[in-house]
Every structure is written in C-alpha cells, then in structure tokens.
Amino acid sequence: MSTERTATLSVDGKTVEFPVMVGTHGQDVIDIRTLGGKTGLFTYDSGFLSTASCKSKITFIDGDKGELLYRGYPIEQLADKCNFLEVAYLLKNGELPNAEQKVNFETTIKQHTMLHDQMTKFYSGFRRDAHPMAVMVGVVGALSAFYHDAMDFSDAEHRSISINRLIAKLPTIVAMAYKYNKGEPFMYPRNDLDYTANFMHMMFGTPCERYEPNPVLVRALDVIFTLHADHEQNASTSTVRLAGSSGANPFACISAGIACLWGPAHGGANEACLQMLEEIGDVSRVGEYIKRAKDKNDSFKLMGFGHRVYKNFDPRAKLMGTVCAEVLGELGLENDRLFKLAKELEKIALEDEYFVEKKLYPNVDFYSGIVQKALGIPTSMFTCIFALARTVGWITQWEEMITDPEYKIGRPRQLYIGAARRDVPELAQRQ
Ligand code: CMC
C-alpha cells in the first residue's frame with residue numbers, strides 16, 4: 001500500500017500532514033490515526049459518511065458504476081457460475097475452490113448441519129408468535145453456550161471450525177424458527193441434498209411426506225443467498241466487527257449482527273417493502289404513494305429504494321429482478337398482482353425527478369420479497385433468509401479483523417454537547 005501522497009490540514013495556524021493510503025480500487029483514504037496526538041482534535045463523522053473503518057480484502061463496491069466484487073470476482077459471474085457454498089468458500093478462504101476442495105467443503109459443512117439436541121428445547125422458551133428475527137438473535141447467540149470446544153481464536157483451526165459451524169447451522173436454525181412459529185415438527189437436515197435444497201426441505205418438508213425440491217426454485221434461492229453473502233462495511237457488518245473487536249465470542253457477535261440487520265433501514269427492508277406493496281394494493285394508487293415518499297413532512301419512504309453507496313444502480317437488484325421473473329415464470333405467476341405493482345412502481349419512480357435527482361434506485365430488497373413470497377416463504381421470515389446468507393460475510397469479516405496485526409478494540413470518540421461541569425446540589429435546593 002503506497003503512502004506517497006499526503007493530505008495537509010491547517011489548524012490554528014499549525015500545519016499537519018497525513019499520509020494518503022491507496023487501495024486496489026475505490027477512494028483513497030487519509031490516515032488520520034495521529035490527528036488527536038498532533039492537534040488535540042478529533043474528526044466528526046456521524047453515520048460514517050466519509051470514514052473507512054478498516055482495511056479489507058473481502059468485498060468491493062463501486063457505487064457509481066453499480067459494481068459489486070467478492071474477492072475481486074463480479075457478483076454477476078459468481079451468481080451465474082457458482083453455487084452459494086462455493087461463494088462461501090471464496091469469501092472464507094480468499095480463492096474459489098477447485099473440484100476437490102469444493103467436494104471436501106460440502107462434506108465438511110454437511111457434518112455440522114445438526115444442532116445440539118438441547119438447542120431444540122431452547123426454542124420452546126419463545127412465544128410461538130415471536131418474530132423469527134427475535135428467535136434468531138436468541139438462538140444464534142445461544143450457540144456460544146453450546147459450542148465452546150473450539151474457542152481459541154488465535155488458532156486458525158479453531159476459527160475454521162466455528163466458521164463452518166455457523167455456515168452449516170444457520171439454515172437449520174432459520175428453518176426451525178419457521179417450524180416453531182407454524183407449530184410443525186422440526187425437520188432434521190438431509191445430507192443427501194445440497195445446501196439450499198436441504199434448507200428448503202427443512203422449511204417446507206414434513207415427516208409425513210418426502211419433500212422433492214424443485215431445482216429451478218432451489219437455484220433461485222441459492223442465487224438469493226449469493227447476492228446477500230457480503231456487502232463490505234454496512235451497519236450489521238460493522239456491528240459484528242465492533243462487537244468482535246473486544247475479543248467477544250463469534251457466535252455472540254453474529255447475534256449482534258442479526259439484531260442490527262433486523263431494522264427496516266437495513267435487512268428489514270424486504271419485509272417492509274412487501275408490506276408497502278400490499279398496502280398500496282393497486283397500480284392506480286402508485287402516484288399517491290410516490291407523492292407521500294417525496295413529502296418532507298411525511299415519514300413514509302419507498303422501501304426497497306435508495307442506498308448509501310449505490311448511486312446508479314444496485315447490481316444485486318438487477319439480478320434479483322431476473323430471478324424474480326424466472327421464479328414467477330416457473331410457478332405460472334407472471335401476472336402476480338404484487339409483481340406487476342412493483343414493476344409499475346419502479347417505472348414511475350425511475351422517471352420521477354425527485355428520485356432521479358437524489359439517485360434513488362431499487363435496491364436488492366425491492367424484488368427479493370416478491371421472489372421469497374413466491375417461493376412460499378412468509379414475510380416475517382424474509383430477513384432471516386438475509387441473515388442466513390450474510391452470516392458468511394459477517395464471520396469472514398470477523399476473522400479478517402481479529403487476524404489483522406493492526407487490529408485494536410473499536411472505540412469511537414464523541415463531540416460532547418451535554419451540560420457543562422456542575423456540582424450536585426443538596427436535595428432541598430433542586431428545582
Ligand atoms: N424514499 C424516499 N426518499 C428517500 C428514500 C426512499 N426510499 N431513500 C432516501 N430518500 C431521500 C431522503 O429523504 C433524503 O432526502 P433529503 O436529502 O431531502 O433529506 C435523501 O434521499 C438521501 O437519503 P438518506 O436517508 O440521507 O440516505 P442514506 O444513505 O442515509 O440512507 C437508506 C440510505 C437505504 C437507509 C435509505 O435510502 C432508505 O431508508 N431506503 C429505504 C429502506 C431500504 O430500502 N433499505 C434497504 C437498503 S439495501 C439493503 C441493506 O442494506 O440492508
């Protein structure tokens with residue numbers, strides 16, 4: 001990493017220089033780690049609008065070009081040529097697996113798909129109508145109480161076992177959250193099926209009949225997993241990194257990531273988007289909702305639109321639109337009311353001056369809800385599917401952080417704007 005360029009800052013007549021760090025792609029960054037020491041000042045960047053919180057080799061996004069790369073590979077090629085487990089291997093190890101490595105990885109993951117039997121009892125502590133993301137936060141966090149035999153994180157082998165466990169067990173945990181909510185028996189994993197087909201079996205199968213996954217639908221869900229696998233330093237990933245920076249248990253850190261993902265501005269947007277489409281109900285009401293989205297005094301936003309980084313288009317949304325059309329075609333739902341409504345909403349919003357000017361485009365969540373609904377996944381489970389896939393990215397980022405020789409506990413500073421120092425008055429003198 002070259003540091004030939006410098007940035008100069010002038011404060012109170014004093015000039016200080018900072019090195020500029022250069023990455024492979026994307027914006028260069030000013031290394032301000034010595035700013036406090038040199039000037040006695042900190043920077044203010046609430047919401048991280050201009051701050052790189054780490055160095056990373058995992059994922060790159062070019063928001064202007066609408067480009068997303070995992071370990072250098074474009075998302076379009078990965079979605080086309082690889083399955084989700086190959087993508088998981090790539091994220092975890094930095095390179096795509098060869099044929100032998102692919103088989104070995106699949107076999108390893110299959111060895112970890114079951115949950116500790118006592119964990120099944122853990123579910124019954126939740127109300128049946130609990131939101132499945134609430135169950136996920138609890139159960140994934142509870143993994144830390146069940147799998148503590150490989151917890152020396154300075155040991156690469158221990159880290160690898162924990163990562164494999166997370167990749168393998170998340171589908172089981174998500175499917176069990178669904179079954180618990182539905183009041184159906186939990187389904188054991190079937191290791192004759194591949195990763196995504198097995199997940200569909202655990203979701204939709206029952207002990208009464210053998211479930212035969214539809215290969216077109218399995219492939220569609222597998223692509224959805226790939227599209228959600230990582231997205232560099234977004235809110236939930238940064239949460240995982242910050243939690244992990246204290247040396248905390250990785251299962252607990254993933255649980256923190258799930259909690260963050262749940263919010264409607266982040267992973268909860270797919271659920272919120274579908275609810276919004278249901279609320280709009282008919283193409284004739286699109287104009288009314290577009291008007292509300294533009295009204296400064298109305299808190300309503302078009303869910304599934306806008307992104308902090310993508311300012312041209314979200315490549316995941318393009319791929320998701322294609323997957324959506326394929327799934328609806330396979331199921332004979334081309335005339336699906338919500339799909340037509342979504343298409344119309346997208347068309348109108350893309351032509352509207354407000355959305356054009358603010359560079360608001362459909363994001364990955366815009367079509368993912370429609371696809372998932374068509375696959376038979378209930379709305380409340382959408383964000384769990386996102387969490388399942390993103391776990392691969394989160395844990396890869398966690399490992400990158402704790403193995404970084406420069407790693408330090410995350411500790412942001414603040415601009416204090418509260419009461420100035422004052423003395424505590426006697427009780428009788430308080431207002
Ligand atoms: N509908 C209407 N107006 C919007 C929207 C929207 N969906 N998104 C942004 N704006 C407006 C916003 O009001 C602001 O206007 P102004 O400049 O007049 O104050 C301007 O566009 C910039 O938006 P921002 O909220 O400052 O941008 P941000 O980078 O902080 O937020 C976002 C990005 C994704 C949180 C936001 O666009 C949003 O809330 N979108 C809807 C929720 C959504 O779809 N989230 C999923 C994101 S992709 C998947 C994921 O990351 O999990």
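Note that the numbering runs from 1 along the sequence shown for the chain. From a predicted model like this one, the values you see are computed outputs, not experimental measurements. For ligands, and for the atoms within them, numbers begin at 1 and follow the listed sequence.
- In this pair, F204 and Y178 present their aromatic rings perpendicular. The plane angle is above 60°, beyond the 30 to 60° band.
- Taking only nitrogen or oxygen atoms, main chain and side chain alike, L302 reaches within less than 3.5 Å of ligand 1.
- The N/O atoms of F386, backbone and side chain alike, include none that comes under 3.5 Å of an N/O atom in ligand 1.
- Residue A265 has at least one nitrogen or oxygen atom sitting less than 3.5 Å from a nitrogen or oxygen atom of ligand 1, judged on distance alone.
- Ring centers of Y180 and F126: at least 6.0 Å apart, outside the cut-off.
- Taking the six-membered ring where tryptophan is involved, the planes of H231 and Y310 are tilted, since the angle between them lies from 30° to 60°.
- Nearest to atom 17 (O) of ligand 1 among the protein's heavy atoms is K358 NZ, 3.4 Å.
- Atom 36 (C) of ligand 1 has as its closest protein heavy atom K301 NZ, 4.1 Å.
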- Checking salt bridge (Lys or Arg N to Asp or Glu O under 4.0 Å) for the pair R219/E326: CA distance, chi angles, key distance, verdict? CA-CA 10 Å; R219 176 72 190 137; E326 278 166 16; over 6 Å; no
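- Looking at atom 3 (N) of ligand 1, its nearest protein heavy atom turns out to be Y354 OH, 3.0 Å.
- Screening I395, T239, L143 for a side chain to side chain contact (heavy atoms under 4.5 Å, CB included) with I254, the sole residue that qualifies is I395.
- Atoms of ligand 1 found under 4.0 Å from any heavy atom of K296, numbered from 1 in the order shown, are 16 (P), 18 (O), 19 (O).
- Under the 4.0 angstrom criterion, atom 44 (O) of ligand 1 counts as having a protein heavy-atom contact.
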- Are E353 and K294 close enough, and set up right, to give a side chain to side chain contact (heavy atoms under 4.5 Å, CB included), and what steps lead you there? CA-CA 10 Å; E353 206 181 308; K294 295 177 348 185; over 6 Å; no
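- Considering only non-hydrogen protein atoms, atom 2 (C) of ligand 1 sits nearest to A293 O, 3.7 Å.
- In terms of polar-atom proximity, K311 is not counted as a contact of ligand 1, lacking any N or O under 3.5 Å from an N or O of the ligand.
- By the 4.0 Å heavy-atom criterion, F300 is excluded from the residues contacting ligand 1.
- Within a 4.0 Å radius of atom 22 (C) of ligand 1, the protein contributes no non-hydrogen atoms.
- Using a 4.0 Å cut-off to heavy atoms of G267, the atoms of ligand 1 that qualify are 52 (O).
- Between the side chains of S56 and E400, at least one donor N or O sits under 3.5 Å from an acceptor N or O.
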- Query: Yes or no on salt bridge (Lys or Arg N to Asp or Glu O under 4.0 Å) for R292 and D295, after CA distance, side-chain angles and deciding distance?
  - Reply: CA-CA 5 Å; R292 283 188 60 194; D295 183 353; over 6 Å; no
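- If you check which protein heavy atom lies closest to atom 51 (O) of ligand 1, you get H266 ND1, 3.3 Å.
- Counting protein heavy atoms only, atom 8 (N) of ligand 1 is closest to L360 CD2, 3.6 Å.
- Closer than 4.0 Å to atom 31 (O) of ligand 1 lies none of the heavy atoms of the protein.
- Residue contacts with ligand 1 do not include F366, since none of its heavy atoms lies under 4.0 Å from the ligand.
- Defined by atom type and a distance below 3.5 Å, a donor-acceptor pair is present between the side-chain atoms of K92 and S160.
- With respect to E278 and R337, a salt bridge is recorded, a charged nitrogen being found less than 4.0 Å from a carboxylate O.
- Cation-pi check for K38 over F18 is met; the charged atom lies under 6.0 angstrom from the ring centroid and within 45 degrees of its normal.
- Ranking the protein heavy atoms by distance from atom 40 (N) of ligand 1 puts F305 O, 2.9 Å first.
- Atoms of ligand 1 lying under 4.0 Å from any heavy atom of A269, numbered from 1 in the order shown and given with element: 43 (C), 44 (O), 45 (N), 46 (C).
- The nearest protein heavy atom to atom 25 (O) of ligand 1 is closer than 4.0 Å.
- Screening K110, K102, E106 for a side chain to side chain contact (heavy atoms under 4.5 Å, CB included) involving L85 leaves a single residue, E106.
- No cation-pi contact links R165 to Y147, judged by a cut-off of 6.0 Å to the six-membered ring centre and 45° from its axis.
- Looking only at protein heavy atoms, the nearest one to atom 42 (C) of ligand 1 is M303 CE, 3.5 Å.
- Contacts of R308 with ligand 1, taken as heavy-atom pairs under 4.0 Å, involve both backbone and side chain.
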- Task: Start with the C-alpha gap between F251 and F146, add the side-chain angles, then the distance that decides, and say whether ring pair (Phe, Tyr, Trp, His ring centres under 6.0 Å) holds.
- Result: CA-CA 10 Å; F251 300 119; F146 285 88; over 10 Å; no
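- If you look at D314 next to ligand 1, there are no close heavy atoms at all, none under 4.0 Å.
- At least one N or O atom of G304, backbone or side chain, sits closer than 3.5 Å to an N or O atom of ligand 1.
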